[in-house]
Amino acid sequence: MDESKPKSLNFLEEIIQQNLATGQYSNGIFTRFPPEPNGYLHIGHAKSICLNFGLALKFGGKTNLRFDDTNPITEETEYVEAIKKDVSWLGFTWENELYASNYFEQLYQFAVDLIKKSLAYVDDSTAEQIAAQKGTPTSAGTESPFRNRSVDENLTLFKEMRDGIHADGAKVLRAKIDMAHANMHMRDPLMYRIRHMAHHRTGNAWCIYPMYDFAHGQSDSIEGITHSICTLEFDVHRPLYDWFIEKLTIFPTHQYEFARLNLSHTVMSKRKLLQLVNEKIVHGWDDPRMPTISGLRRRGYTAASIRNFCDRIGVAKRDNLIDLSLLEFCIREDLNKSADRVMAVLDPVQLVISNYPEDQVEELAIENNPEDPESGTRSVPFSKNLYIEREDFMLDPPKKFFRLGPDLMVRLKGAYIIKCESFDLNEDGTVKTIYATHFPNSKSGSDTSEIHVKGTIHWVSIPHAVEAEIRSFDRLLIVEDASELGDDFMKFINPESIQITEKAFVERSLRSASVNKAVQFIRKGYYCLDPDASSGKLVFNRTVTLKDTWAKEQNK
RNA sequence: UGACCUAUGGUGUAAAGGUAACACACCAGUUUUUGGUUCUGGUUUUCUAGGUUCGAAUCCUAGUAGGUCAACCA
């Protein structure tokens, strides 16, 4: 990095830099990534992860991974494990693995403290009554009839709640603030509710659970978090966040909000992603079409490309809709440098080299990656009978078609220049077999033919080809912006978001393909082996296509 | 008919009162044994109206537009 010309800072970096400059936080800053373990992480979480960990890394601080597990109804250990896997896969190391549930006893004592200060009370109202008491954004609420219970009575009742004497919903603990406050969150918000239910970590030790607002800020404070960074929708919670900290006189943490990531042509909310899974639109949370971390990983996205993406999208407070093309750019940029080039024919048509000896097989040394001189070459078998891509041959080609057609010449990648002499058609008029002659003196690396062709096409030798299933993915939604669709987004699912090619042919070297190593199918895109592949069957996922200016030209 | 947040090219993000720039996308050309890559160039921008100032994307006022908030969710 060029230290003399630092990149401009985002608003959070500026705040931190200023904090540090004024001598605050001499022990360094502390951030936290606080997921609720009720689902899988998605690319929006990646933004938050990169932000929280990135800030600490940049300013010499630390980051905790804290599970916000205050609602036993939705949370499971399975999600905890998946989240930990995703965060580490992204390349980050947390200082401490913590849980809001670690603090249940402390939180209970905090609540008792507020009751003693006459700042909290037990309310017997029903959920409906409490909702009615809240009023509306434009009209003040009304005070609960239980609002002025004595401290002693509140203490007794709250203890009874903890001891399991009361049924779910019978009572709640509320903060006593201001039922006429302009901010709805300050109208005597709930602190505790009764839930006779086992928690994934604390089991049956508790039957009362703190609400988000009475757990998050307190957890931040207990951990000494200096910068509690969350998304914009929590902005209205901040006065309450500050109120609890002030009344409890505990370590003053500060909350800052940034705009969440929105990506074009997909949905991001856990609820909608869950719907896609439940309604079997996708095959699971890690379906390669999902914007989840696990989905992107299976799709072939690298951690580096996702970190780079998060870096490029920036951090600000205005709503945004990032175009999918930026994510695609980031993975192409990464894979272009690192992925070995191989040949695969997805839609095969037979090509016979008429003047090539019947039983001859040449082992051609073809470079693995022109972008990486260290990558060396591999041996690729060439023979008389080849498969080429059906779309690389046209019976009646337009003028700028640099591929094969009657009497046209092309180079076979890493092999010879050929000229099409004739072809057979199937009954339905499609091409059955193409016959061509090769120029023996045009062999790659020792070409003395003086023939110059505009096009190079990929191929595989039929007797050496390996069968593979190929799954090509495309955007999940046919609309850019799903934000206004609401639940109607299901009507805009791209029917071609997955296309399976059952029987493609790939070159021999791919027999040893591995799940973690991306390859480029020359002229087609970047691919990776799917975990569904077994020893007997290759299955590849298309991570992203190559840029295709020819397709663009054709669509004009 | 409230409170709060936000408003810069097609999409994002910078510019801390002093030449509006960077990336993606798009277009044209270059390079290329991938219609990939590379390289070069181009199109396109401060929500509106007032005000402060020598000077405003930036500060002030008013408007407009978008977003958030009325779960015993987080």
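Chain naming here is simple, since letters A, B, ... match the order of the sequence lines and numbering starts at 1 in each.
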Does the structure show a Watson-Crick or G-U wobble partner for [N], both distances under 3.5 Å? Name it, or say none.
N	answer
rA49(B)	rU61(B)
rU1(B)	none
rG17(B)	none
rG41(B)	rC27(B)
rA70(B)	none

If I pick the [atom1] atom on [M] and the same atom on [N], what distance separates them, to the nearest angstrom?
N	M	atom1	result
rG41(B)	rU34(B)	P	24 Å
rU48(B)	rA56(B)	C1'	16 Å
rG12(B)	rU6(B)	C1'	15 Å
rA16(B)	rA21(B)	C1'	16 Å
rU19(B)	rU32(B)	P	42 Å
rA7(B)	rU46(B)	C1'	10 Å
rU8(B)	rA14(B)	C1'	10 Å
rA25(B)	rU13(B)	C1'	15 Å

### Query
For the residue pair His199(A) and Tyr209(A), does the interplanar ring angle fall in the parallel (under 30°), tilted (30 to 60°) or perpendicular (over 60°) class?
parallel
Using a cut-off of 4.0 Å on non-hydrogen atoms, how would the nucleic acid contact of [X] be classed: base, sugar-phosphate, or nothing?
X	answer
Pro35(A)	nothing
Ile73(A)	nothing
Gly141(A)	nothing
Val453(A)	nothing
Gln520(A)	base

Can you tell me whether the side chain of [X] and the base of [N] have a donor-acceptor pair closer than 3.5 Å?
X	N	result
Arg411(A)	rU33(B)	yes
His181(A)	rA70(B)	no
Arg403(A)	rG35(B)	yes
Glu371(A)	rU38(B)	no

### Task
Compare the ring of Tyr212(A) with the six-membered ring in the base of rA74(B) and state whether they stack (centres under 5.5 Å, planes under 30°).
no
### Query
If you draw the axis of the six-membered ring of Tyr99(A), does the NZ or CZ of Arg201(A) fall within 45° of it and under 6.0 Å from the ring centre?
yes
### Query
Taking the six-membered ring of Phe393(A), is the NZ or CZ of Arg403(A) close enough (under 6.0 Å from the centre) and on axis enough (within 45°)?
no
### Message
Do His45(A) and Arg260(A) pair up side chain to side chain, a donor and an acceptor below 3.5 Å, judged on atom types alone?
### Response
no
Looking only at side-chain N and O atoms, does [X] come under 4.0 Å of OP1 or OP2 in [N]?
X	N	answer
Arg318(A)	rA65(B)	no
Ser264(A)	rU11(B)	no
Arg187(A)	rA70(B)	no
Ser325(A)	rU11(B)	no
Arg66(A)	rA74(B)	no
Lys317(A)	rA7(B)	no

How far does [atom1] of [X] sit from [atom2] of [Y], to the nearest 0.5 angstrom?
X	Y	atom1	atom2	result
Phe214(A)	Arg174(A)	CZ	CZ	15.0 Å
Leu232(A)	Phe258(A)	CG	CZ	9.0 Å
Leu51(A)	Leu261(A)	CG	CG	11.0 Å

### Of the listed nucleotides rA70(B), rU33(B), rG36(B), the one nearest the side chain of Arg341(A)
rG36(B)
### Message
Output the rounded distance in Å from CE (Met394(A)) to P (rG35(B)).
### Response
16 Å
### Summary
note: Leu232(A), atom CG; rC5(B), atom C1'; distance rounded to Å ~ 6 Å
